Amino acid sequence: MNIILLGPPGAGKGTQAKKLVDERGMVQLSTGDMLREARSSGTEMGKKVAEVMDRGDLVTDEIVIGLIAEKLEAGAAGGFIFDGFPRTLAQADALGELLDKMGAPLDVVIELKVDDETLVQRVVNRAKEAEAAGQPVRADDNAEAMKTRLMAYYKQTSPLIGYYHAKGDLRSVDGMAAMDQVAASIADILNG
Ligand code: AMP
């Protein structure tokens, strides 16, 4: 199965994707993780996107589509989980074309719904917890960058909800529920 986890920053996409990797042997493709990796390894592309990411804006479609296209080539027996991609309509179209070329289906798009106040609280807590644990704190996990990240979500990414709804691919889950409850709702959808 190939699935998209769609939702605003802090909705729990990464957490749920990791559970699916552990439980179903799916492959998580997180463009956020790929971009952070490029930054920490100091590649030219990593340097180019650093400022945009820290601010909370989206990096260019060209860069993220390139990253995804590269990873798709390897294939995944258990299927792919697209986490944080696509984030624009152009990315959604590109993904559709890439999957078509591979003869692979997009099985379902799962939207995680969480209200804004909770999202801000979650990322601020994530930063506090990382700091307390002596782990690196994401430069965009603060209230200021969250304003930009949420604006980017509503302006550029939320139109995908209508897009996938119209295609008949969208399912929505209450992302405010406890983590295990969210996982159970996702499992229900995947088990059809
Ligand atoms: P995430 O880890 O998914 O929250 O992504 C962190 C940051 O990476 C975002 O705020 C963007 O700056 C960038 N990013 C990740 N995925 C994408 C994408 N699909 N399109 C554009 N920018 C992205």
Side-chain angles (χ1 to χ4, degrees), residues 2-21 26-72 80-99 106 109-114 116 118-130 135-161 163-164 175 179 182:
N2 298 308
I3 70 169
I4 294 174
L5 294 180
L6 185 62
K13 303 184 295 291
T15 304
Q16 295 299 331
K18 286 188 177 66
K19 271 181 172 280
L20 294 170
V21 169
M26 298 176 80
V27 171
Q28 177 189 12
L29 295 185
S30 157
T31 40
D33 286 349
M34 292 175 210
L35 292 165
R36 279 185 289 278
E37 204 179 293
R39 284 182 66 167
S40 57
S41 52
T43 65
E44 276 313 304
M45 186 267 279
K47 286 183 205 156
K48 206 164 118 186
V49 299
E51 198 192 322
V52 178
M53 289 177 76
D54 289 353
R55 208 171 52 226
D57 279 321
L58 297 189
V59 310
T60 64
D61 289 333
E62 195 189 351
I63 288 177
V64 291
I65 291 166
L67 287 170
I68 287 286
E70 220 172 274
K71 299 281 179 181
L72 286 183
F80 290 108
I81 308 156
F82 297 97
D83 159 16
F85 178 93
R87 262 175 155 100
T88 65
L89 288 166
Q91 292 176 24
D93 281 337
L95 177 61
E97 282 169 23
L98 286 166
L99 290 173
L106 173 61
V109 178
I110 301 176
E111 178 201 5
L112 300 179
K113 290 168 93 89
V114 177
D116 292 352
T118 306
L119 295 170
V120 176
Q121 253 167 27
R122 282 186 186 177
V123 301
V124 170
N125 286 344
R126 177 160 72 186
K128 280 187 192 151
E129 280 164 22
Q135 288 165 356
V137 177
R138 278 178 58 166
D140 59 348
D141 271 355
N142 57 70
E144 191 53 37
M146 259 310 262
K147 277 191 207 159
T148 311
R149 292 166 72 191
L150 282 175
M151 186 56 82
Y153 177 76
Y154 287 114
K155 200 170 160 184
Q156 292 166 279
T157 308
S158 68
L160 299 186
I161 294 170
Y163 174 86
Y164 286 119
M179 202 195 295
V182 177

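Whatever order the structure lists ligands and atoms in, that order sets their numbers, starting from 1. This one's a predicted model, so the numbers in the text were calculated from it and none came from an experiment.
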Any side-chain donor paired with an acceptor under 3.5 Å for D116 and Y153?
-> no
Nearest atoms (heavy-atom pairs only) where A38 meets M45 = CB-CE, 3.8 Å
Residue list, side chain to side chain contact (heavy atoms under 4.5 Å, CB included) with K47, at least two apart or on another chain | E44
When you check the gap from the basic side-chain N to the acidic O, do R149 and D141 get nearer than 4.0 Å?
-> yes
Separation between CD1 (I3) and CG (L106), nearest 0.5 Å, reads 9.5 Å
CA sep, side-chain torsions, deciding dist, call: R87, Q156, side chain to side chain contact (heavy atoms under 4.5 Å, CB included) = CA-CA 7 Å; R87 262 175 155 100; Q156 292 166 279; over 6 Å; no
Ligand 1: which residues have a non-hydrogen atom closer than 4.0 Å?
-> T31, G32, L35, R36, M53, D57, L58, V59, V64, G84, F85, R87, Q91, R138, D140, R149
